[in-house]
Amino acid sequence: MTLNATVAGTYETVEAVPAESSAVPANTERRDAIIFFVFAFALVGAMVAAALTVGMAGVGMIAIIEAFSMIVVCLLLTAG
């Protein structure tokens, strides 16, 4: 159970279970990429919906919420 990043290929995953186990490790990079793009498209959709209904004030509210959430994430990263 060693991680050798210089040898690992693009589609290989790191085993989190002993080699003798029959469990197949999940491809977490692909899952995380899919989740990221789902949230990115949801954010763009929310901005378009806010712009069509409330106007630029709705987009501004979303931008304020985004800025606040980025500050919270930065605080959590520095605290951890």
*Sequence neighbours left out, what passes side-chain contact (heavy atoms from CB on, under 4.5 Å) with V73? Give chain and number order.*
L77

*Step by step, work out the side chain to side chain contact (heavy atoms under 4.5 Å, CB included) result for D32 and F36.*
CA-CA 6 Å; D32 291 344; F36 169 77; over 6 Å; no

_Please give me the minimum heavy-atom distance between V59 and M47, naming the atom from each residue._
CG2-O, 3.8 Å

*Euclidean distance, I71 CD1 relative to L76 CG, rounded to 0.5 Å*: 12.0 Å

